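Data first, discussion second: the structure below is written as C-alpha cells.
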Amino acid sequence: MTNIKKLPLDIKIGQMIIAGFPSKYYDGNIEELIEDEKVGNFILFSDNIGDKNEVIELTKSIQRKLKEYTKIPGIIATDQEGGMVTRVHDGVTVFPSNMSFAAANEDKSTYKEGKIEGEELRGLGINMNIAPVLDVNCNPKNPVIGCRSYGDDPENVSALGIGLIKGLKEKGVIAVAKHFPGHGDTAMDSHISLPVINHDIKRLQNVELLPFKNAIEAGVDAIMSAHVLFPKVEPDKVPATLSSKVLTGLLRNKMAFKGLIITDCMEMKAIADFYGSDKAAVKAIIAGADLICISHSKDIQKKCIKAIKEAVLNGEIPEERIEESVEKILEIKKKYNIEDNFEKKSCSKGNKVFADKISCKSITLLKDDKNLIPLKGKVVSISTKAIALTGADDKIKMEKSFCHKLNSNCKGVEFEIPMEPNDELIDNIVKKCLDADRIVIGIYNASVNKNQVKLVEKISKVNANIILVSLRNPYDILYFKEISTYINAYEYTELSIESTIKVLKGEVKAQGISPVKMK
C-alpha cells in the first residue's frame, strides 16, 4: 500500500482531481495535466469517444502515462446512464433510459444491465460509471432530470438503482449514485443556474434521501453531490457540493457513508457563476468532497489545482484533510483492481436482444379512446429532430427523425419541424392533415416549447385522429388532455423509436406502466 505521508503534495492533490479534455486521442493536453499538474483521474465525454479500439488505446495510454508520472493507476469515468445520456455507443450495448427500465417493470432488469455495462465498459478501460441517477423526479417542470430518473416513487428508484449498482460492482466498475441529496424536485438545470429545494428534513428523508440511504446500506462506493441549495439543511445559502452540513454532517455522519464523495462538475454555472470554480474547489474539499470533477477547461483545471495547493500551504485546508481523501481514493482503486487490464468485451447479440426487450416493454400507452392503433390508411407523420436539451445530454447520435422513420414504414406524408414551429408552417401542416386517417405527432418537451402545443391544438380542430407520442417528457400529457391517443416513449433515441413504431403498427402490444403520476 502506498505510504500517503511520503507522497508529494502535488500528487496528493492530483489524486483528488477528475479532469476532462477535448480529444479522442492521448495528446499534449492530457500529457500536461498528468506531467505538470499530476492529475490522477479522468472523465470521458462524447467528444473523447471514437470507435472501441480508439477508446481502448486512449484509456491504455492514460494509464501508461499515469504509471510513468505518478506511479498510481487512474480512475477513468464516464456517464453511461442509458437513454439520452449515453457517452459510449460503439462496441457496447446501448440501453434505454432509467425511466424506460422503470416502465418496463422487468424483474432484476437493472442488475442485468449493470453486469452487461460493467463487463463492456471495463473491457474498454473505463472503470467508473457515473450512474445510477437516484433522483426522485417528482416535479413535472424539472428540465434536467426527467426520464434520467427511475420515477417518482422513492422505493422503486431505490430498488432499480441498487440493481444497477450491484451489477456494475460485480463486474469491476465503480458505480456513482447521483445527485445527492436529490435533484428531482427542481425547476432549474444546475448546468445553467442554481436550483433550490425548500423541503424540510422529514420530507427529504422520506423522498429525496431514501434512495441514497438504501444505496449506502447496499454498499455503493461513490456518491456525487448536487449543485442545489437545501435551505432547511444548510441555511447559509451554500449548495450541497460546498456545504459541510450536507456532505459531512448529513452524508458522512448521519447517513454513515464511508465511500468517495465526488462533486458534479465545478464548471457548471450553478457553481462557476456564483462562487468561481477555483474558490469552490477549495470549499468543496473543506466541506468533505474527495474527488473534484472539472470536466472541460484546462485553464480552469489548473486554476483549481493551484487554489487547492495554496489553501493547503496557507493552512486553510489541513494537509491531513487531503490525506484523508487520498486514502479513500487509493482504497477504492485497490478494491476495484483498476490497474488490471480486463479482457476486451463487445456487445453480444444476446445483450442487444435484452436491451430491445426492455425498450419494447417500456412503451406506455396511456390511452387510445378511439382505437387509432394500429395505424391504418393515410398517415401524416410529424416530429422535431432529436437535439440536446440539457447540459447532461452531450451530443445526440441520432441522424434521422422520428417522423422520417415512421413515414418510411407507412408511406404517407412527413413533416420535420423545428422545436418551435412558426404560424406559417403550422397552417401548412394543418391543411395536409384535413383528410388524414391517422396523424402521428412526436412531441419533444412540448411543455416548454409551446408552439408544439399550438400545432396539436390547431390540427385537432380539423381532424381528431391524432396519436401523440411523447419523445421525452412524460408530463407533456398535462397539456393534451383532450387528445384521444397518447404514448410515452421516455426518450428520443434509435432504440425507443424502433420500439414505438412496432407499437404503432400493432406488431407488439404496449406493456409499459407509467413510473410517474400525472397530477
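It should be emphasised that the depicted structure is a prediction, and the values quoted were computed from it without experimental measurement.
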- Ala272: partners by side chain to side chain contact (heavy atoms under 4.5 Å, CB included), with sequence neighbours left out: Ser277
- Between Ile223 and the options Leu247, Ile216, Leu134, the side-chain contact (heavy atoms from CB on, under 4.5 Å) test singles out Ile216
- Message: Using modelled atom types and a 3.5 Å cut-off, is there a donor and acceptor pairing between side-chain atoms of Thr493 and backbone atoms of Gly83?
- Response: no
- Check the pair Ser97 / Glu491 against side-chain hydrogen bond (donor to acceptor under 3.5 Å, both in side chains), numbers first and verdict last. CA-CA 7 Å; Ser97 68; Glu491 60 185 73; 3.2 Å; yes
- Item | Carboxylate-amine/guanidinium contact Arg87 Glu81, below 4.0 Å | no
- Run the ring-centre check on Tyr444 versus Tyr492 and record whether the distance is less than 6.0 Å. yes
- Ion pair Glu54/Lys24, N-O distance below 4.0 Å: no
- Message: Do Ile76 and Leu58 make a side-chain contact, defined as non-hydrogen atoms from C-beta onward lying under 4.5 Å apart?
- Response: no
- Minimum heavy-atom separation for Glu416 to Thr384, with atom names? CG-C, 4.5 Å
- Query: Taking the side chain as C-beta and beyond, is there a heavy-atom pair between Leu164 and Phe95 under 4.5 Å?
  - Reply: no
- Query: Can you find a pair of side-chain heavy atoms, one from Ser470 and one from Tyr486, that are under 4.5 Å apart?
  - Reply: yes
- Phe21-His296 aromatic ring centre distance below 6.0 Å: no
